[in-house]
Amino acid sequence: MGIDIRTVGIVGAGQMGSGIAHVCAMAGLDVRLNDRDPARIRSGLATIDGNLARQVAKGTIAEDLRRGAVARIVGAESFDDLAVCDLVIEAATEDEATKRQIFSALCGSLKPDALVATNTSSISITRLAASTDRPERFIGIHFMNPVPVMQLVELIRGIATEDPTYESAKAFIAKLGKTSTMSEDFPAFIVNRILLPMINEAIYTLYEGVGSVESIDTAMKLGANHPMGPLQLADFIGLDTCLSVMQVLYEGLADSKYRPCPLLVKYVEAGWLGRKVKRGFYDYRGETPVPTR
Ligand SMILES: NC(=O)c1ccc[n+]([C@@H]2O[C@H](COP(=O)([O-])OP(=O)(O)OC[C@H]3O[C@@H](n4cnc5c(N)ncnc54)[C@H](O)[C@@H]3O)[C@@H](O)[C@H]2O)c1
């Protein structure tokens, strides 16, 4: 038997953490939103407010639902504020050392039977589980961006993840109205194992001068029926996250076909991380995005 999840803690109030908070609150769950930076908690809460208000304006949700959801999300400045949670989902920066530090500091504040999950895009669930005090209650719950829009959630079991943990996570995803798939614990799981090498190849296509940003994105939108071009998608995901996933594939599978494109490395070194900083393969500071190459 799994556990009934009513209160969800989220560590990391960035793009993903605030999206996860949004969908949990809309499903009637109580949410505690944590970040090491209190300003990020405030901006995460403001983003959720703005997105919910837009849904009301578009007529996709009713005003009383919005009000209920907003009231269910509370900022949490310390891990002790997560002591009431049945499940805590870590959605902090895609960096293994950061995540390991979070888990070792977090677990002592939680109920002994609370489940712990990570939203990592690529890092080994088994390895992250080992930095907790409860590997059997640890699982990968990988949401897609933007969380309120995307239907899929990948569930990834580590070597020690027990059946009730998996069943609880599966029921939790169903409660959010989303569809889960199961992936084995291999680098980048299913979606990113396929998607990120495609994005990296698009960056190589740009790097080698085969096409401009505009021609590459138009080619894949109109020629492969993708809703978004691969460079636009890279900006959307965040170029630091893209690079980090490629490094995990490259190191984890030891195959040179996954080597990150030097141009991707250069953009990350420049701090041009995509939409979240208003500049990546496109410049988002004006009215319409302008290609940066
Ligand atoms: N962006 C995507 O498309 C996407 C999709 C699926 C999964 N993910 C995964 O979700 C996670 C978060 O990605 P994001 O795009 O939201 O990144 P982001 O940069 O928008 O947010 C990360 C947040 O983590 C916070 N943080 C860093 N260290 C922390 C710590 N020690 N304690 C608490 N908070 C801390 C940062 O202050 C920041 O607010 C990553 O693991 C990423 O791989 C991202």
Side-chain angles (χ1 to χ4, degrees), residues 9-23 32-48 51 75-82 88-107 109 116-125 127-128 131 140-156 173 178 180-181 183 187-196 199 228 230-249 252 268 271-278 280:
I10 297 163
V11 177
Q15 316 188 79
M16 295 305 291
S18 49
I20 298 166
H22 175 138
V23 297
R32 302 273 182 281
L33 185 60
N34 166 270
D35 200 286
R36 69 170 168 201
D37 178 357
R40 296 298 294 254
I41 301 179
R42 286 194 294 276
S43 63
L45 293 172
T47 302
I48 299 165
N51 289 343
E77 292 204 4
S78 85
F79 289 156
D80 285 344
D81 296 334
L82 304 181
V88 174
I89 305 172
E90 171 277 316
T93 313
E94 185 74 346
D95 171 64
E96 186 162 343
T98 303
K99 291 185 188 293
R100 294 180 78 94
Q101 257 168 16
I102 290 173
F103 292 126
S104 38
L106 168 73
C107 288
S109 300
V116 179
T118 175
N119 186 48
T120 180
S121 302
S122 59
I123 302 168
S124 161
I125 303 305
R127 238 177 18 243
L128 290 177
S131 61
I141 302 185
H142 182 219
F143 288 87
M144 310 290 135
N145 186 20
V147 183
V149 176
M150 300 297 280
Q151 185 58 29
L152 183 76
V153 179
E154 287 183 303
L155 291 178
I156 309 102
I173 297 310
K178 299 202 180 284
S180 55
T181 52
S183 163
F189 321 127
I190 296 173
V191 173
N192 285 334
R193 167 83 176 260
I194 299 169
L195 184 63
L196 266 298
I199 288 176
M228 213 186 245
L231 300 171
Q232 197 188 353
L233 181 56
D235 275 358
F236 198 76
I237 294 169
L239 301 189
D240 50 343
T241 301
C242 291
L243 176 59
S244 166
V245 174
M246 287 312 297
Q247 277 160 343
V248 167
L249 281 169
V268 173
W272 294 11
L273 305 181
R275 288 185 73 108
K276 61 184 171 187
V277 298
K278 298 201 181 312

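All ligand and atom numbering here is 1-based and tracks the order in the structure.
Summary of contacts: the protein heavy atom closest to atom 33 (C) of ligand 1 is Arg36 N, 3.1 Å. Looking only at heavy atoms of the protein, atom 17 (O) of ligand 1 is closest to Lys276 NZ, 4.2 Å. In terms of protein heavy atoms, atom 27 (C) of ligand 1 is closest to Thr93 OG1, 3.2 Å. When only non-hydrogen protein atoms are considered, atom 1 (N) of ligand 1 lies nearest to Ile237 O, 2.9 Å. In terms of protein heavy-atom proximity, atom 20 (O) of ligand 1 is closest to Gln15 N, 3.0 Å. With hydrogens left out, the protein atom closest to atom 21 (O) of ligand 1 is Gly14 CA, 3.3 Å, a heavy atom. Looking only at heavy atoms of the protein, atom 6 (C) of ligand 1 is closest to Phe143 O, 3.0 Å. Shortest contact from atom 41 (O) of ligand 1 to any protein heavy atom: Glu94 OE1, 2.5 Å.
Considering Ser43, Cys242, Ala92 only, the shortest heavy-atom separation from atom 40 (C) of ligand 1 involves Ala92. Comparing heavy-atom distances from atom 37 (O) of ligand 1 across Asp37, Ile10, Asp35, Ile20 singles out Asp35 as nearest. Remark: among candidates Arg275, Gln101, Met16, the nearest residue to atom 4 (C) of ligand 1 is Met16, based on non-hydrogen atoms. The nearest non-hydrogen atom to atom 7 (C) of ligand 1, considering only Gly238, Ser122, Ala188, Ser121, comes from Ser121. Taking each of Asn145, Ile102, Asn34 in turn, the one with a heavy atom nearest to atom 3 (O) of ligand 1 proves to be Asn145. When the heavy-atom distances from atom 10 (O) of ligand 1 to Thr118, Val248, Asn119 are ranked, the shortest goes to Asn119.
At least one side-chain heavy atom of His142 sits under 4.5 Å from a side-chain heavy atom of Asn192. With contacts defined as side-chain heavy-atom distances shorter than 4.5 Å, the pair Cys242/Ile237 qualifies. A 4.5 Å side-chain heavy-atom check between Val88 and Phe79 finds every atom pair outside the cut-off. In this structure, Met144 and Glu154 have side chains that are in contact, with non-hydrogen atoms separated by less than 4.5 Å. Within the 4.5 Å cutoff, side-chain heavy atoms of Leu249 are placed close to those of Met246. Ile89 is not listed as a side-chain neighbour of Val11, based on a closest heavy-atom distance of 4.5 Å or more. Counting only heavy atoms from C-beta outward, the side chains of Ile123 and Thr118 never approach each other to under 4.5 Å. Ile41 is listed as a side-chain neighbour of Glu77, based on a closest heavy-atom distance under 4.5 Å.
Interatomic distance, CZ of Arg36 versus CD1 of Ile102, reported as 7.5 Å (0.5 Å rounding). A distance of 8.0 Å separates CG in Leu196 from OG in Ser122, rounded to the nearest 0.5 Å.
At a 4.0 Å heavy-atom cut-off, ligand 1 does not touch Asp240 at all. Residue contacts with ligand 1 for Arg40 involve side-chain atoms from C-beta outward but no N, CA, C or O (heavy atoms, distance under 4.0 Å). At a heavy-atom cutoff of 4.0 Å, ligand 1 is contacted by the side chain of Thr98 but not by its backbone.
Heavy-atom distances between Ala91 and ligand 1 reach below 4.0 Å in at least one pair. Ligand 1 has at least one atom lying under 4.0 Å from a heavy atom of His142. Close to ligand 1: Lys99, with a non-hydrogen atom less than 4.0 angstrom away.
In this structure, the side chain to side chain donor-acceptor pair (under 3.5 Å) partners of Thr120, at least two apart in sequence or on a different chain, are Glu94. Checked against side chain to side chain donor-acceptor pair (under 3.5 Å), Arg100 has the following partners two or more places apart in sequence or in another chain: Glu96.
In this structure a side-chain-to-backbone donor-acceptor pair under 3.5 Å is present from Asp35 to Ala13. Under a 3.5 Å cut-off, the side chain of Lys99 and the backbone N or O of Ser131 do not form any donor-acceptor pair.
Residue Thr120 places no N or O, backbone or side chain, under 3.5 Å from any N or O of ligand 1.
Taking every non-hydrogen atom of Thr241 and a distance limit under 4.0 Å, the qualifying atoms of ligand 1 come out as 43 (O). With ligand atoms numbered from 1 in the order given, ligand 1 contributes 33 (C) to contacts under 4.0 Å with heavy atoms of Val11.
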